[in-house]
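Report on one structure; see the data block that follows.
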Amino acid sequence: MSPASVFVCLSLTLLSDYPVIRVKPDNSGVVTDGVKHSMNPFCEIAVEEAVKLKEKKFIKEVVAVSCGPTQVTETIRTALAMGCDRGIHVEVSGKDYEAMGPLQIAKIFAALAKKEEASLVILGKQAIDDDCNQTGQMTAALLDWPQGTFASEVTIDGEKVKVVREIDGGLETIKISMPAVLTADLRLNTPRYATLPNIMKAKKKKIANMKPADLGVDMVSRVEVLRVDEPPTRLAGVKVETVDDLVAKLKANGTI
Amino acid sequence: MAALFKAGKALGLCVSGCRSLSSLAELPEMHQMMRQTCRDYADRELGPIAGKLDKEHLFPAQQVRELGAMGVMAIEVPEALGGAGMDYLAYSLAVEEISRGCGSTGCVVSVNNSLYIGPILKFGTQKQKEQWITPFTTGEKVGCFALSEPGNGSDAGAASTLARQEGEEWVLNGTKAWITNSWDASATVIFATTDKSLKHKGISAFLVPMPHPGLSLGKKEDKLGIRATSTANLILEDCRIPLGNMLGSRGSGFKIAMQTLDSGRIGIASQALGIAQAALDCAADYAHKRTAFGAPIGKLQAVQFKLADMAVAVESARLLTWKAAMLKDAKKPFTKEAAMAKLAASEAATFCGHQSIQVLGGMGYVTDMPAERHYRDARITEIYEGTSEIQRLVIAGQLLKEYAS
């Protein structure tokens, strides 16, 4: 019995190789206006895995989901061009978007997965702008579904999923039942470039629109960001001539 | 008109053509996505190897296959024949982005799309299209275009490659010069005359597979730039092809060549834009980092003026190129605009290549930085597919026609 639909949950992040990210003058966050945004690299890997599973005929339909302002539809459209069948845009903007964190997003994804009867929810392991690494895990907990995080290999075996996970000690292989939540790690796959014909086809694919309220999700944040600061400027180093000098200096400033 | 434009926009077409250049402040969504895909590919796959391809004169076969899989090697070809089914504006954007990563690869893409597939798409029979276009959409095979000869480049009408009919075959004799992709191609569109006394009206176009008995290749030219492409003579000695290999009608070869070059010019303009942009990017980046007299050199007016002039040259050539592409897509006459685009873009490329080295100073002269490669790659864009001088003649010719009473 092949699982019906897979949800790929996407995050829009600040472009990874953007030259300079600046802290806002009031230290409330980072300047995002005018900064180029794109699909979170780990989410690209998640999309690629979902599309590959569909090509291998393990799943019937891939739905790309994302929460955020209108800009987010571009990300969903890119996922459609990579091979997803349809998209869902959960509109969150303004103050709600600034306060939106992993818990709110997880609530939305969990509500959608339940509503649409997804068999698998695949996310990137973390967003590269906040590095939270929480959304996947929270989504699984809210759904009370098993989770395979930091996946570097995913194999579907009947009603179960075999996941090879990248952990500090090496690789861990687990088998979990579907429905389940997976988060993609770097080595899971190499995302494809959208082909030109697929970009054309993506135009015709549907992106449904909804609000968190439609899913009964309250967007109130339990986290308040007090302050955002730039990392301290790197001080110049000191050159020493010998190893003895090095040890002496390290002892002197209390490092050892 | 507004309703038509809206409908056109919904279909992702630039129906408005030359009238709504203001709409170009924002390209249609599909074109933006396509441009981003090509840009990502160029940054990740071509940029890192472009220097090596240039130094070692390596044809980027793997990359051409990958681009083929993306649909970039046959952008205008309908999906039924294996292409991407997009318009010429999309093609122009794709070639520019690819060329920004690697000028040689951009050239291969342009020659395959405009010069080889272009005439077959326009003048070929359905059978010829299936036989000669479809296998060339995947990147597994590329084609070339053989018009120039040792005795005539700009003077295309003076072709001396001969074609005579013998039974059910054409027999071709002669030499073609400066043929891009020659050593890597699997077929060529070649021009030969069946009757020299008819001058340019005696020229016809033929399709010849490569390799083929009677067709041999001269030595690979050792070029200043676009070194990852192969350029050589095609030597025909009693090269026999079936009668069905004539492209278009007998005697229409010159017309086919000229119309093909019209479109090809938009491709080369796009390649030149990509090279110019790469040169500008290199210079602007360096201006931030290099310090002299106690500050980044980008603070110096001399450098600022150069960067500004480069940016204006590129942006104005780009808009000319987009306009020419949009006119072609709207099936309006575009000969003048295509020539203007090619002229402006190629001169912008050589200008930016030159100024980029100047901004980099000594670093611009060594191969550690890509500025010298952009300078060398740019130079050919003022020469092939119609020299800058020929472009000026074409533009003036069209202009004077407009003013004739």
Side-chain angles (χ1 to χ4, degrees), chain A residues 10 12-22 34-45 47-48 51-52 55 64 66 70-84 87 89 128 186 189-207 209, chain B residues 9-13 26-47 63 65-87 89-91 93-95 97-98 101 109 113 137-139 281 284-285 288-289:
Chain A
L10 313 173
L12 182 71
T13 59
L14 302 174
L15 197 61
S16 47
D17 45 83
Y18 202 74
V20 187
I21 305 292
R22 291 195 196 290
V35 177
K36 188 139 195 279
H37 286 61
S38 68
M39 195 192 297
N40 184 39
F42 293 110
C43 298
E44 277 181 25
I45 298 175
V47 173
E48 174 66 24
V51 172
K52 281 220 312 241
E55 285 171 347
S66 196
T70 340
Q71 231 181 341
V72 144
T73 42
E74 283 171 35
T75 320
I76 301 178
R77 197 68 71 185
T78 309
L80 294 175
M82 283 172 73
C84 297
H89 171 210
I128 59 168
L186 188 64
N189 59 50
T190 310
R192 65 191 62 191
Y193 291 98
T195 66
L196 270 48
N198 278 345
I199 293 177
M200 299 261 289
K201 290 195 186 103
K203 205 128 184 70
K204 302 192 192 106
K205 293 179 182 172
K206 288 204 179 344
I207 300 182
N209 236 307
Chain B
K9 237 189 162 220
L11 294 169
L13 302 167
E26 194 72 45
L27 287 166
E29 191 190 351
M30 209 165 63
H31 290 75
Q32 287 188 44
M33 281 181 70
M34 192 227 65
R35 191 188 201 189
Q36 190 60 47
T37 295
C38 291
R39 184 170 290 191
D40 288 342
Y41 186 85
D43 286 341
R44 293 179 206 161
E45 311 289 340
L46 294 174
Q63 287 68 33
R65 272 197 297 274
E66 288 168 2
L67 288 167
M70 285 164 70
V72 171
M73 296 306 288
I75 295 180
E76 222 198 351
V77 174
E79 278 191 70
L81 285 167
M86 293 182 103
D87 58 17
L89 179 61
Y91 166 63
L93 295 166
V95 172
E97 294 303 327
I98 298 299
V109 172
N113 269 282
T137 58
T138 60
D281 291 345
D285 185 62
H288 266 303
K289 296 181 176 151

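Proteins get letters first, then strands, A, B, ... in listed order; numbering begins at 1 in each. In this text, all values refer to a predicted model and were calculated from it rather than measured experimentally.
Residue-environment remark: CD (A:E74) stays at or below the threshold of 12 foreign heavy atoms within 6.0 Å.
Taking both residues in full, the closest heavy atoms of A:L196 and B:A84 are given as CB-CB, 3.7 Å, listed atom of the first, atom of the second, then distance. Shown here for A:P197 and B:G83, the closest heavy-atom pair between the two residues is CG-O, 4.3 Å. Residues A:A81 and B:M33 come closest through the heavy atom pair CB-CE, 3.6 Å.
Remark: the A:Y193 side chain and the B:E45 side chain contain an N/O donor-acceptor pair separated by less than 3.5 Å.
Heavy-atom distances place no part of B:E66 under 4.5 Å from chain A, backbone and side chain included. With a threshold of 4.5 angstrom between heavy atoms, B:A94 does not approach chain A through any atom at all. Using a 4.5 Å cut-off between heavy atoms, B:E29 touches chain A through its side chain atoms alone. Contact of A:R192 with chain B is not made at all, since no heavy-atom distance falls under 4.5 Å.
Summarising the geometry, atom CE belonging to B:M86 is positioned 6.0 Å from atom CD1 belonging to A:I199; distances are rounded to the nearest 0.5 Å. Annotation: the span from B:M34 atom CE to A:T195 atom OG1 amounts to 12.0 Å, rounded to 0.5 Å.
Contact of the A:K201 side chain with the B:E79 side chain is registered, since non-hydrogen atoms from C-beta on lie closer than 4.5 Å.
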